[in-house]
Each structure stands twice: as structure tokens, then as C-alpha cells.
Asks: 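Input: one structure, supplied below.
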Amino acid sequence: MNIAEEAFKELYPGKTENREFRISYSSKFKPLNANVKYTQNYIHFFLSRDWQEFSDDLKKGLIQHLLVKVFRDYKYEKTMELDLYEKFVSNLGRYAKIDKTDPELEESFNRVNTEYFDGEMEKPNLVWGSSAFRKLGHYEYATNTVLVSSVFKGENELLDYIMYHELLHKKHGHRNTGKRTIHHTKAFKEEEALYKVKDVEKKLKTFLRKKRFRNLLGF
Ligand SMILES: [Zn+2]
């Protein structure tokens with residue numbers, strides 16, 4: 001019995017599964033990535049190579065996290081391994097290695113860090129994303145990276161607001177209820193409301209509307 005099968009039995013005791021459980025490690029994945037492929041005959045977990053370094057308990061937690069997605073069966077009692085995995089993921093940002101930083105984003109980070117976090121926030125990786133209007137920013141736990149839409153280049157006031165939001169994700173982590181992952185927790189929202197530029201949401205909406213309009217006209 002491999003750890004995938006063990007993970008299944010611990011998560012869903014009493015449930016029968018005739019498919020074969022398989023695990024492979026791949027060097028093609030980004031750090032700490034994983035996915036699962038399944039057919040009528042097997043359930044195959046693919047983990048990035050760096051997962052090999054971690055304990056079986058943590059790997060089982062990851063596999064259980066994926067199993068819930070495969071089966072869409074939320075009637076389980078949270079296992080120690082799943083709990084371990086969730087804590088690990090939500091803390092990753094604090095340990096991941098820093099290696100990528102854009103100077104304009106770094107200035108924004110420094111302003112926000114001084115103003116709102118007493119300069120105590122550790123600098124994550126800071127990178128520009130594409131010029132997206134929908135996804136304005138993102139914090140990726142696995143690589144400890146804040147990504148900001150390129151539409152905010154040169155827009156310090158709005159950039160700082162996006163930066164603040166993403167840094168709050170780094171600070172607060174996320175919470176799992178079993179059914180879903182909560183990224184904007186109550187504590188998150190309370191702290192977000194402390195942002196000092198009170199009409200910033202309005203400014204953001206106006207900016208995005210104008211920018212979109214300009215883009216449509218091809219300026
Ligand atoms: Zn968010």
C-alpha cells in the first residue's frame with residue numbers, strides 16, 4: 001500500500017475504491033505544485049520533485065487535499081495530515097526564499113510596510129503581471145510572491161492600495177472550512193478597512209473605467 005492509498009483510507013474510512021493509486025514526482029512542475037489525473041483504472045498523483053524532501057505525513061495531507069477535489073466528497077473528519085498540510089501551505093510565504101523584486105514595486109512595498117506594518121513585514125517576491133483589469137493583484141503562498149497587474153505602473157496611489165491588500169493575504173494566510181478556503185477572513189477585512197485613503201475604492205473604479213475605455217480606443 002503506497003501513501004496515496006493510505007491517505008485515502010485515513011480520509012474516507014469505510015469507503016471502497018478499486019482503482020489503483022499511483023504517485024510520481026516530476027521536475028517539470030513549479031515548486032510545490034501537484035495535480036491528479038484519474039481514469040476508470042487509476043488515480044495518479046503528480047507531485048513536483050521538491051515534495052520528495054517532505055515527510056510522508058505532509059505528503060498525505062496534500063494527497064487528501066487533492067482527493068477531496070477528485071471525489072467532491074466533503075463528508076470527512078479532518079485528519080491530522082490534512083491539518084498539517086493546510087497549516088504548511090498557509091505559512092509557506094513566511095519561509096519561501098526571496099529572489100525576484102521589481103524596483104517600482106519594492107518602493108511601493110516599502111511605503112506600505114512603513115505606513116501599515118511598522119516596517120516589520122518581510123519583503124516577498126514582487127513582480128508585475130500582465131495588464132489585467134479583472135485580477136488586479138495576487139499573493140501566491142507557495143512562492144511568497146506578490147503579483148500586481150501592469151495597469152498600475154506609474155500609479156503609486158492605487159498601486160499602494162493593491163500592495164496593501166496582497167500583503168494582508170501574506171499576513172493573514174487563509175482558513176479552510178472543509179468545504180472551501182476563506183481568503184478574506186473577518187480579521188482580514190477589518191484590517192483592510194484601516195486603509196487611510198478612504199475614497200481609494202472610488203478612485204480605483206474610476207481609474208479602471210477610464211483605462212479600459214482608453215484601451216478600447218487603442219490609445
Ligand atoms: Zn484578496
Side-chain angles (χ1 to χ4, degrees), residues 1-97 122 124-125 135 137-147 165-192:
M1 187 155 69
N2 63 33
I3 60 163
E5 193 174 351
E6 282 174 25
F8 169 78
K9 292 203 159 133
E10 284 162 24
L11 185 67
Y12 296 120
K15 193 167 178 155
T16 44
E17 178 55 61
N18 295 320
R19 285 176 283 186
E20 186 194 337
F21 285 91
R22 298 179 188 167
I23 301 184
S24 308
Y25 296 92
S26 166
S27 51
K28 290 179 194 148
F29 282 4
K30 282 207 268 175
L32 299 177
N33 252 335
N35 67 25
V36 53
K37 287 186 181 138
Y38 45 97
T39 67
Q40 287 183 325
N41 301 315
Y42 61 81
I43 302 175
H44 196 156
F45 297 89
F46 295 87
L47 278 57
S48 66
R49 187 142 288 174
D50 46 352
W51 273 105
Q52 282 175 306
E53 310 290 321
F54 293 98
S55 71
D56 280 357
D57 281 348
L58 191 60
K59 278 182 269 193
K60 277 192 209 170
L62 163 70
I63 287 163
Q64 288 171 344
H65 172 81
L66 293 169
L67 280 170
V68 171
K69 293 185 175 178
V70 171
F71 290 106
R72 292 164 202 253
D73 179 351
Y74 304 104
K75 282 181 260 107
Y76 59 87
E77 276 187 47
K78 192 185 270 190
T79 62
M80 183 271 285
E81 290 87 356
L82 195 51
D83 194 38
L84 182 72
Y85 170 76
E86 286 168 1
K87 289 206 174 82
F88 171 76
V89 171
S90 104
N91 278 302
L92 264 177
R94 287 161 214 171
Y95 306 114
K97 193 165 130 260
E122 246 183 82
N125 296 309
K135 200 168 188 183
H138 177 63
Y139 176 66
E140 191 182 64
Y141 293 94
T143 57
N144 186 29
T145 301
V146 167
L147 189 138
H165 182 98
E166 300 313 328
L167 292 177
L168 287 178
H169 280 302
K170 174 175 161 68
K171 179 176 172 181
H172 287 270
H174 49 68
R175 220 157 51 78
N176 255 288
T177 62
K179 275 198 181 170
R180 59 195 194 99
T181 307
I182 301 172
H183 290 279
H184 301 120
T185 58
K186 191 161 171 273
F188 180 104
K189 286 177 185 163
E190 280 168 5
E191 196 166 348
E192 191 181 31

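On a predicted model such as this, the values are computed, not experimentally measured, just so you know. Along the sequence shown, the residues carry numbers beginning at 1.
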Asks: Would you mind listing every salt bridge (charged side-chain N to carboxylate O under 4.0 Å, His left out) that reaches into residues 23-41, with sequence neighbours excluded?
Replies: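 Qualifying pairs, neighbours excluded: K30-E140.
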
Asks: Would you call P124 and L167 a side-chain contact if the rule is heavy atoms closer than 4.5 Å?
Replies: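 They are in contact (side-chain heavy atoms under 4.5 Å apart), so the answer is yes.
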
Asks: Apply salt bridge (charged side-chain N to carboxylate O under 4.0 Å, His left out) to E190 and list each qualifying residue two or more places apart in sequence or on a separate chain.
Replies: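 Counting only residues at least two positions away or on another chain, E190 forms a salt bridge (charged side-chain N to carboxylate O under 4.0 Å, His left out) with K186.
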
Asks: Charged N to carboxylate O below 4.0 Å: is that the case for D56 and K60?
Replies: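 So D56 does not pair with K60 through a salt bridge.
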
Asks: Which pair of heavy atoms, one from Y25 and one from S48, lies closest together, and at what distance?
Replies: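 Minimum heavy-atom contact is CD2-O, 3.8 Å.
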
Asks: Would you check if the side chain of N35 reaches a backbone N or O of F45 as a donor-acceptor pair within less than 3.5 Å?
Replies: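 Here the side-chain-to-backbone pair does not exist.
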
Asks: Just to verify, what does E192 make a salt bridge (charged side-chain N to carboxylate O under 4.0 Å, His left out) with, not counting sequence neighbours?
Replies: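 With sequence neighbours excluded, E192 shows a salt bridge (charged side-chain N to carboxylate O under 4.0 Å, His left out) to no residue whatsoever.
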
Asks: Less than 4.5 Å apart, any side-chain heavy atom of N33 and any of F46?
Replies: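 Result no, sub-4.5 Å side-chain heavy-atom pair not found.
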
Asks: Would you list the pairs meeting salt bridge (charged side-chain N to carboxylate O under 4.0 Å, His left out) in which at least one residue belongs to residues 38-52, sequence neighbours left out?
Replies: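 Of all non-adjacent pairs touching residues 38-52, none passes salt bridge (charged side-chain N to carboxylate O under 4.0 Å, His left out).
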
Asks: Taking the ring centre of each residue, are Y141 and Y139 less than 6.0 Å apart?
Replies: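 Yes, the ring of Y141 comes within the 6.0 Å limit of the ring of Y139, centre to centre.
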
Asks: Taking C-beta and beyond as the side chain, do V68 and L11 meet within less than 4.5 Å on heavy atoms?
Replies: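 Yes - at least one pair of side-chain heavy atoms lies under 4.5 Å apart.
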
Asks: Mind checking ring-ring contact (aromatic ring centres under 6.0 Å, His included) for F54 and listing every partner two or more places apart, or none if nothing turns up?
Replies: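 Only W51, F88 meet the ring-ring contact (aromatic ring centres under 6.0 Å, His included) criterion with F54.
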
Asks: For K170 and V146, what are the C-alpha separation, side-chain angles and deciding distance, and is it a side-chain contact (heavy atoms from CB on, under 4.5 Å)?
Replies: CA-CA 9 Å; K170 174 175 161 68; V146 167; 5.8 Å; no

Asks: For T39, check side chain to side chain contact (heavy atoms under 4.5 Å, CB included) against everything at least two apart and list the hits.
Replies: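 For T39 the side chain to side chain contact (heavy atoms under 4.5 Å, CB included) partners, ignoring immediate neighbours, are N41, Y42.
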
Asks: Excluding sequence neighbours, so at least two apart, what forms salt bridge (charged side-chain N to carboxylate O under 4.0 Å, His left out) with K135?
Replies: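 Salt bridge (charged side-chain N to carboxylate O under 4.0 Å, His left out) list for K135, sorted by chain: empty.
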
Asks: To the nearest 0.5 Å, what is the distance between NZ (K189) and NE2 (H172)?
Replies: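 Those atoms lie 12.0 Å apart.
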
Asks: Y85: what forms a ring-ring contact (aromatic ring centres under 6.0 Å, His included) with it, not counting sequence neighbours?
Replies: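 Testing Y85 for ring-ring contact (aromatic ring centres under 6.0 Å, His included), a comparison that skips the adjacent residues, returns H65.
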
Asks: Going from CG on N18 to CD on Q40, what distance comes out if it is rounded to the nearest 0.5 angstrom?
Replies: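 One gets 12.0 Å once the value is rounded to the nearest 0.5 Å.
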
Asks: So does E77 have more than 12 non-hydrogen atoms from other groups sitting under 6.0 Å from CD?
Replies: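 Not buried by this count: 12 neighbours or fewer within 6.0 Å.
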
Asks: Taking the side chain as C-beta and beyond, is there a heavy-atom pair between V36 and I43 under 4.5 Å?
Replies: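 V36 reaches I43 side chain to side chain.
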
Asks: So L58 and L62, do their side chains get closer than 4.5 Å, heavy atoms only?
Replies: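 With C-beta onward as the side chain, the pair stays apart.
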
Asks: Working to the nearest 0.5 angstrom, can you tell me the gap between I63 CD1 and L66 CG?
Replies: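 These two atoms lie 7.5 Å from each other.
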
Asks: May I ask you to say whether E17 pairs ionically with K9, meaning some side-chain N is under 4.0 Å from a carboxylate O?
Replies: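 No, this pair does not count.
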
Asks: Test of understanding: with salt bridge (charged side-chain N to carboxylate O under 4.0 Å, His left out), list the residues that count as partners of D73, not counting sequence neighbours.
Replies: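 Applying salt bridge (charged side-chain N to carboxylate O under 4.0 Å, His left out) to D73 gives K15.
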
Asks: Does this structure show an ion pair linking E86 with K78, if we count only N-O contacts that are shorter than 4.0 Å?
Replies: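 Salt bridge: yes.
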
Asks: Quick one, F21 and L67 - any side-chain contact, counting heavy atoms below 4.5 Å?
Replies: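 Yes. Closest side-chain heavy atoms under 4.5 Å.
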
Asks: Does the side chain of E20 come within less than 4.5 Å of E5's, by heavy atoms?
Replies: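 When only atoms from C-beta onward are counted, E20 and E5 do not touch, as no gap falls below 4.5 Å.
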
Asks: Applying ring-ring contact (aromatic ring centres under 6.0 Å, His included), name anything that partners H184, two or more places apart in sequence or on another chain.
Replies: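 Once residues adjacent in sequence are excluded, the partners of H184 under the ring-ring contact (aromatic ring centres under 6.0 Å, His included) criterion are H165, H169, F188.
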
Asks: In chain order, what residues pass the ring-ring contact (aromatic ring centres under 6.0 Å, His included) check against F71, with sequence neighbours excluded?
Replies: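 For F71 the ring-ring contact (aromatic ring centres under 6.0 Å, His included) partners, ignoring immediate neighbours, are F8, Y12.
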
Asks: Drop me the distance from E6's CD to N2's CG, to the nearest 0.5 angstrom.
Replies: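 E6 atom CD to N2 atom CG measures 7.5 Å (nearest 0.5 Å).
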
Asks: Restricting to side chain to side chain donor-acceptor pair (under 3.5 Å), what partner residues turn up for E166, sequence neighbours left out?
Replies: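 E166 satisfies side chain to side chain donor-acceptor pair (under 3.5 Å) with no other residue.
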
